[in-house]
Amino acid sequence: MPPVDVVIMAAGKGTRMKSAKPKVLHRLAGRPLIEHVLEAVALLGARQVAVVTGHGAQDVEDALARGADRAKRPAPAFVRQEPQLGTGHAVMQALPLLEDDGVTLVLNGDVPLVEPGTLQALVDRCGPRQLVLLSVVRDDPTGYGRILRSGEAVWGIVEQKDANEDELSIREVYTGVLAAPTALLKRWLPRIGNRNAQGEYYLTDVVKIASEDGADVVALKAADLLQVEGINSPHELAALERAHQRRKAHSLMDRGVRFADPERFDLRGTLECGQDVEIDVNCLFEGDVSLGDGVRIGANCVVANARIEAGAVIHPFTHIDGERSGVVVGEGALVGPFARLRPGANLAAQVHVGNFVEIKNSTLGHGAKANHLAYLGDATVGERVNYGAGSITANYDGANKHRTVVEADAHIGSNCVLVAPVSIGEGATVGAGSVITKDAPAGKLSVARGRQVTIEGWKRPAKGG
């Protein structure tokens with residue numbers, strides 16, 4: 001197989017979007033439209049990817065460079081189309097970057113859901129003298145270039161504004177995607193004219209030129225409409241977003257996930273689910289998320305870059321975002337409602353984190369509890385610790401972060417401040433309202449109201465006593 005080079009057209013303004021932002025930078029499933037295209041292209045193993053920019057060129061180029069860095073893939077090459085004189089003119093700008101020995105695959109940056117398998121099929125069909133188009137049959141083809149056929153052979157594409165009455169009745173339309181031998185494409189493109197209603201150089205005119213040159217022109221029909229839907233207005237963007245999310249939800253349901261309502265679910269990344277997972281309404285998943293067997297996610301939760309282990313329950317209105325560090329919620333843990341887990345939160349099995357508790361860069365041991373109105377930052381909390389309402393770790397001194405250690409079976413009373421660096425010993429108790437600035441010894445009661453003291457001979461009451 002010859003090497004594949006890809007040209008992605010991303011120069012359009014998108015007037016109907018009513019936005020100053022370049023059209024390809026509008027977001028679907030949390031990412032710019034063109035990022036979805038680049039992800040599909042990455043799976044082809046293309047030799048080179050060239051993006052043609054125009055309107056908002058610098059913004060597009062900067063955004064794609066950042067995206068390539070995050071995805072750990074090479075940034076595409078950029079060529080600018082100035083002024084924008086049509087799709088054929090756009091591809092001409094990339095010709096100096098293309099080697100004659102390859103196949104050129106032309107894509108649109110605002111058609112985000114085209115699948116790698118579809119693109120591979122076009123490349124595989126493209127022979128030494130064969131131009132391959134991707135087409136689709138639409139119930140309403142208004143606005144699209146119609147495919148002109150004689151049996152299997154395609155001999156032209158006519159744009160909506162240039163079509164006659166018979167041509168307007170054709171329902172098979174061109175999607176903007178094609179594959180061509182690069183050496184031939186370089187011969188065909190300079191022969192395109194602009195004698196049409198728009199006064200532009202249409203890429204679709206290469207079909208007629210190729211046919212006149214004796215090349216075979218074929219059109220492969222897309223398997224489904226969603227793959228080739230482009231974005232031209234906020235209405236179309238919203239409709240495609242919902243169709244895309246519906247497809248994601250149904251794919252998860254096919255694997256056993258139970259949704260209260262699949263129409264009220266959003267996935268902006270990857271979601272791996274075990275058996276018997278239940279997801280309530282209005283939940284958003286971002287980044288890389290895994291849910292173990294029997295996990296339940298309550299209504300109106302945000303979960304990003306996290307691993308939720310078997311049997312855990314995330315109660316409604318909880319916000320979890322691990323960013324780069326990740327978050328782990330252990331088996332059988334209970335989180336929320338209205339809890340917040342930030343990067344580096346690591347909860348062991350059977351941990352309870354209740355309403356209005358925030359945890360960052362902290363580890364909570366098996367069975368530890370922070371049930372109300374608390375903050376734990378840069379802390380190591382042992383097994384079975386009870387962390388009282390209104391208590392916080394004061395982990396930042398204005399210049400540096402410091403760590404707090406609370407050892408197993410310690411009890412922290414309500415409204416306490418643990419001023420890091422500080423350690424609370426195993427089985428120690430910190431009296432309510434204390435400001436702890438010195439290590440509290442194991443098994444003792446420490447109280448600090450102006451001055452920290454340890455009360456000798458004190459014993460914690462037995463449970464039920």
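Fair warning: this is a prediction, and the values are worked out from it, not measured in the lab. Along the sequence shown, residues are numbered consecutively beginning with 1.
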(request) In plain terms, say whether Glu241 and Arg27 are close enough for a salt bridge, that is, a side-chain N and a carboxylate O under 4.0 Å apart. (result) no
(request) For residues Glu200 and Leu85, determine if any side-chain heavy atom of one lies less than 4.5 Å from a side-chain heavy atom of the other. (result) no
(request) Give me the one residue out of Met253, Arg246, Gln245 that meets side-chain contact (heavy atoms from CB on, under 4.5 Å) with Pro262. (result) Met253
(message) Testing the basics here: between Gly127 and Pro181, what is the closest heavy-atom pair and its distance to 0.1 Å?
(response) O-CG, 3.2 Å
(request) Considering non-hydrogen atoms only, spot the tightest contact between His315 and Pro337 and give its length. (result) CB-N, 3.5 Å
(request) Carefully, step by step, assess Asp276 and Arg258 under the rule salt bridge (charged side-chain N to carboxylate O under 4.0 Å, His left out). (result) CA-CA 7 Å; Asp276 294 313; Arg258 296 192 291 275; 3.1 Å; yes
(request) Answer yes or no: does atom CZ of Arg296 have more than 12 heavy-atom neighbours from other residues, nucleotides or ligands under 6.0 Å? (result) no
(request) Working to the nearest 0.5 Å, report the span between OG1 of Thr404 and CG of Leu376. (result) 8.5 Å
(request) Provide the full list of ring pair (Phe, Tyr, Trp, His ring centres under 6.0 Å) pairs with a residue in residues 4-29, sequence neighbours left out, each pair given once. (result) none
(message) Checking the side chain of Tyr396 only, and the main-chain atoms of Gly398 only, is there a donor and an acceptor separated by less than 3.5 Å?
(response) yes
(message) Within the 3.5 Å criterion, strictly below it, is a donor on Gln160 or Thr142 matched to an acceptor on the partner's side chain?
(response) no
(request) Supply the atom-to-atom distance Asn371 CG to Phe356 CZ, rounded to the nearest 0.5 angstrom. (result) 13.5 Å
(message) I'd like to check Met17 versus Leu237 (side-chain heavy atoms, cut-off strictly below 4.5 Å). Are they in contact?
(response) yes
(message) Looking at Leu134, is its backbone amide N or carbonyl O close enough to the side chain of Thr175 to form a donor-acceptor pair, meaning the two atoms are under 3.5 Å apart?
(response) yes
(message) To the closest 0.5 Å, what do you measure between CG (Leu373) and CZ (Phe338)?
(response) 12.0 Å
(message) Walk me through whether Asp321 and Arg342 qualify under salt bridge (charged side-chain N to carboxylate O under 4.0 Å, His left out).
(response) CA-CA 5 Å; Asp321 188 356; Arg342 295 173 60 194; over 6 Å; no
(message) I'd like to know if the side chain of Ser362 and the backbone of Ala379 have a donor-acceptor N/O pair within less than 3.5 Å.
(response) yes
(request) With rounding to the nearest 0.5 Å, note down the distance linking CG in Asn232 to OG1 in Thr15. (result) 9.5 Å
(message) Give me the atom names and distance for the closest heavy-atom approach of Val103 to Pro2.
(response) CG2-CG, 3.6 Å
(message) Tell me whether Glu272 at atom CD has more than 12 heavy atoms from other residues, nucleotides or ligands lying less than 6.0 Å away.
(response) no
(message) Could you check whether any side-chain heavy atom of Val335 comes within less than 4.5 Å of a side-chain heavy atom of Leu347, counting everything from C-beta outward?
(response) yes
(message) For the backbone of Arg146 and the side chain of Glu172, can you confirm whether one donor and one acceptor N or O come within less than 3.5 Å of each other?
(response) no
(request) Give the intermediate values and the outcome of side-chain contact (heavy atoms from CB on, under 4.5 Å) for residues Gln350 and Lys369. (result) CA-CA 9 Å; Gln350 306 301 321; Lys369 296 179 181 180; over 6 Å; no
(request) State, to 0.1 Å, how close Ile147 and Ile170 come at their nearest heavy-atom pair, and which atoms those are. (result) O-CG2, 3.7 Å
(request) Check whether NZ of the Lys or CZ of the Arg Arg138 lies under 6.0 Å from the centre of the six-membered ring of Tyr144 and within 45 degrees of that ring's axis. (result) yes
Please list, one pair per line, the donor and acceptor atoms closer than 3.5 Å that link side chains of residues 86-98 to other protein atoms, with sequence neighbours excluded.
residue: Thr87; atom: OG1; partner: Leu203; partner atom: N; Å: 2.9
residue: His89; atom: ND1; partner: Gln81; partner atom: NE2; Å: 2.9
residue: His89; atom: NE2; partner: Gln93; partner atom: NE2; Å: 3.2
residue: Gln93; atom: NE2; partner: His89; partner atom: O; Å: 2.7

(request) Could you check Val7 against Thr104 for side-chain contact (heavy atoms from CB on, under 4.5 Å), going step by step and ending with a plain yes or no? (result) CA-CA 7 Å; Val7 176; Thr104 295; 4.0 Å; yes
(message) Is a donor from one side chain sitting under 3.5 angstrom from an acceptor on the other, for Thr380 and Arg403?
(response) yes
(request) Identify the residue among Arg247, Arg242, Lys248 that makes a side-chain contact (heavy atoms from CB on, under 4.5 Å) with His244. (result) Lys248
(request) State whether the number of non-hydrogen atoms from other residues, nucleotides or ligands found under 6.0 Å of Lys13 atom NZ is greater than 12. (result) no
(request) Verify whether one side chain among Asp378 and His402 offers a donor that lies under 3.5 Å from an acceptor in the other. (result) no
Tell me which donor-acceptor pairs under 3.5 Å the side chains of residues 28-46 have, and how far apart each pair is, sequence neighbours excluded?
residue: Arg31; atom: NH1; partner: Glu39; partner atom: OE2; Å: 3.2
residue: Arg31; atom: NH2; partner: His36; partner atom: ND1; Å: 3.1
residue: Glu35; atom: OE1; partner: Arg73; partner atom: NH2; Å: 2.7
residue: His36; atom: NE2; partner: Leu28; partner atom: O; Å: 2.7

(request) Please assess Arg255 against Gln275 for the test side chain to side chain donor-acceptor pair (under 3.5 Å), listing each intermediate value before the final yes or no. (result) CA-CA 8 Å; Arg255 288 175 271 164; Gln275 288 186 318; over 6 Å; no
(message) Under a 3.5 Å cutoff, is there a donor and acceptor pairing between the side chains of Asn300 and Asn282?
(response) yes
(request) Determine the minimum heavy-atom distance between Cys301 and Phe317, stating which atoms define it. (result) SG-N, 3.8 Å
(request) For the residue pair Lys401 and Asn361, confirm or rule out a side-chain donor-acceptor distance under 3.5 Å. (result) no
(message) Testing the 3.5 Å rule here: is there a donor-acceptor pair between the side chains of Asn196 and Asp162?
(response) no
(request) Start with the C-alpha distance between Glu115 and Leu119, add both sets of side-chain angles, then the distance that settles side-chain contact (heavy atoms from CB on, under 4.5 Å), and finish with yes or no. (result) CA-CA 7 Å; Glu115 295 180 3; Leu119 302 181; over 6 Å; no
(message) Please evaluate residues Leu220 and Val132 with respect to the criterion side-chain contact (heavy atoms from CB on, under 4.5 Å), reporting the C-alpha separation (whole Å), side-chain torsions for both, the decisive distance (0.1 Å), and the verdict.
(response) CA-CA 7 Å; Leu220 301 184; Val132 186; 3.9 Å; yes
(request) Could you tell me whether a side-chain N or O of Tyr201 sits under 3.5 Å from a main-chain N or O of Pro190, the two making a donor and an acceptor? (result) no
(message) Show the nearest heavy-atom pair for residues Thr53 and Ala11, with the distance to one decimal.
(response) C-CB, 3.7 Å
(message) Treating Thr182 as the side-chain partner and Asp100 as the backbone partner, does any N or O pair qualify as donor plus acceptor under 3.5 Å?
(response) no
(request) Please say whether more than 12 non-hydrogen atoms of neighbouring residues, nucleotides or ligands are located less than 6.0 Å from NZ in Lys360. (result) yes
(request) Walk me through it: do Gln120 and Asp124 pass the test side chain to side chain donor-acceptor pair (under 3.5 Å)? (result) CA-CA 6 Å; Gln120 189 64 59; Asp124 291 344; 2.9 Å; yes
(request) Report yes if some heavy atom in the side chain of Val154 is under 4.5 Å from a heavy atom in the side chain of Val218; otherwise report no. (result) no
(message) I'd like to check Asp59 versus Leu25 (side-chain heavy atoms, cut-off strictly below 4.5 Å). Are they in contact?
(response) yes
(request) For Thr393 and Asn395, indicate whether the former's side chain and the latter's backbone hold a donor-acceptor pair under 3.5 Å. (result) no
(request) Could you tell me whether the side chain of Val357 reaches within less than 4.5 Å of the side chain of Asn355, counting heavy atoms only? (result) no
(request) Report yes if the side chains of Asp261 and Phe259 come closer than 4.5 Å at any heavy-atom pair, otherwise no. (result) no
(message) Quick check against the 3.5 Å criterion: does Asn108 have a side-chain atom that pairs as donor or acceptor with the backbone of Asp110?
(response) no
(message) A side-chain contact here means heavy atoms from C-beta on lying under 4.5 Å apart; do Glu278 and Ile297 qualify?
(response) no
